[in-house]
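Take a look at the structure below.
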Amino acid sequence: MDSTPAGASELRLVGDPTRARILSMILDSEDQRGLVGDLADRLGLRQPTVSHHVRALFDEGILERQPDGRRVWYSVSPAHRDWITGLLMDEASTVDDDGLARVIRDLSDRFAGTFNPETVEQYVRESRELLVAREGTSQHLTSLTARFAADRLDALAASSASSDGVPEVLFVCVHNSGRSQMASAILRQLAGDRVIVRTAGSAPATGVRGTVVTALDEIGAPLAGEYPKPLTDEVVRAADVVITMGCGDVCPIYPGKRYLDWDLDDPAGLPLSGVRAVRDSIETRVRELLRTLIG
């Protein structure tokens, strides 16, 4: 579809960082729609603040409204979708090369004496490619690349070192945006630094679901900046316990590890009451797991 050329007022609107992030989240979602409440949860902002930004984009014709009972969905207008997508991608690409070089340099310093710079660069570039390969576009790609590469290098170092007595648990589900994130948040909240917790997805999404964030907030279990990430070999090697949740047999099997499969409903598409039920079931299992790990 042909895109409508951007006027000065439209460019100013999209140039606002919060509005650009709102548009990115909507375009990154599975059905390219968003609810103000979910967007506010993911942005960490108050709902009236997000409503103000969404209203400005709607008034300019950049967003469209689709009432659905008591809810209102917002999507990018088809007439604007192409140039909005191109603009967001252009902004990301202009800083990508410099940002990636900075990430490689910083992580080379961080892991000096453990990994040589060539190994660090390999993991950084591969991590970026894995994140880009997720369904949808990737927002905050450079910072996510830095975190993902650092997590993988930490896991690689842990799998090569002798055990320090701290058990490591890996939670794996399909999208790494629901069940595994709830399990990891609850285990971190209960165990603190007594357990190392990692997550991954067999087909990771680009963001954690807003209903999952809400359900965790209700029990005081912060998501702590977690994000969906692909399943990689080194995190499985580092784990003492690997727990899968509906992702089939995608996890490689290594001797000496404990493998569990938790049969849980996928919270995708469930109302908040359904997500709460999944959360409570996960909490029961996590508490039992913790007793087996640290007594």
Side chain to side chain, L231 and L170, heavy atoms closer than 4.5 Å: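 Sidechains of L170 and L231: in contact.
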
Min side-chain heavy-atom separation E218-L272 under 4.5 Å: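 E218 reaches L272 side chain to side chain.
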
Qualifying residue, where the test is side-chain contact (heavy atoms from CB on, under 4.5 Å) with L223 and the options are Q181, M182, R188: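 Going through the options one by one, the only one that passes is Q181.
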
side-chain contact (heavy atoms from CB on, under 4.5 Å), paired with V166, selected from D240, I196, L293, D193: I196

Cation-pi, Y227 ring and R147 (6.0 angstrom, 45 degrees):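 No; the conditions do not both hold, so R147 does not lie above the ring face of Y227.
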
Test: R152 cationic atom under 6.0 Å from F148 six-membered ring centre, within 45° of axis: yes

Candidate pair R55 and D59, rule salt bridge (Lys or Arg N to Asp or Glu O under 4.0 Å), full reasoning: CA-CA 6 Å; R55 178 70 189 203; D59 288 344; 3.0 Å; yes

Within 6.0 angstrom of D263 CG, more than 12 heavy atoms from elsewhere: no

Just checking, any donor-acceptor pair under 3.5 angstrom between side chains of [X] and [Y]?
X: T119; Y: N116; result: yes
X: R128; Y: T142; result: no
X: S180; Y: N176; result: yes
X: S184; Y: R198; result: no

Audit row: E234, S159, side chain to side chain donor-acceptor pair (under 3.5 Å) steps and yes/no: CA-CA 7 Å; E234 63 279 340; S159 66; over 6 Å; no

Closest contact, heavy atoms only, [X] versus [Y]:
X: P230; Y: A200; value: O-CB, 3.8 Å
X: V212; Y: G178; value: CG2-CA, 3.7 Å
X: V36; Y: S51; value: CG1-OG, 3.3 Å

Any donor-acceptor pair under 3.5 Å from R179 side chain to H175 backbone: no

Taking [X] first and then [Y], would you say they form a salt bridge - that is, a charged N and a carboxylate O separated by under 4.0 Å?
X: R291; Y: E288; value: yes
X: E121; Y: R125; value: yes
X: D106; Y: R102; value: yes

Transitive ILVMFWY side-chain link V174 to L131, under 4.5 Å: no

Of R33, R65, Q66, R81, the residue whose pairing with S75 passes side chain to side chain donor-acceptor pair (under 3.5 Å): Q66

F58 and Y74 aromatic ring geometry - parallel, tilted or perpendicular at 30°/60° bounds: perpendicular

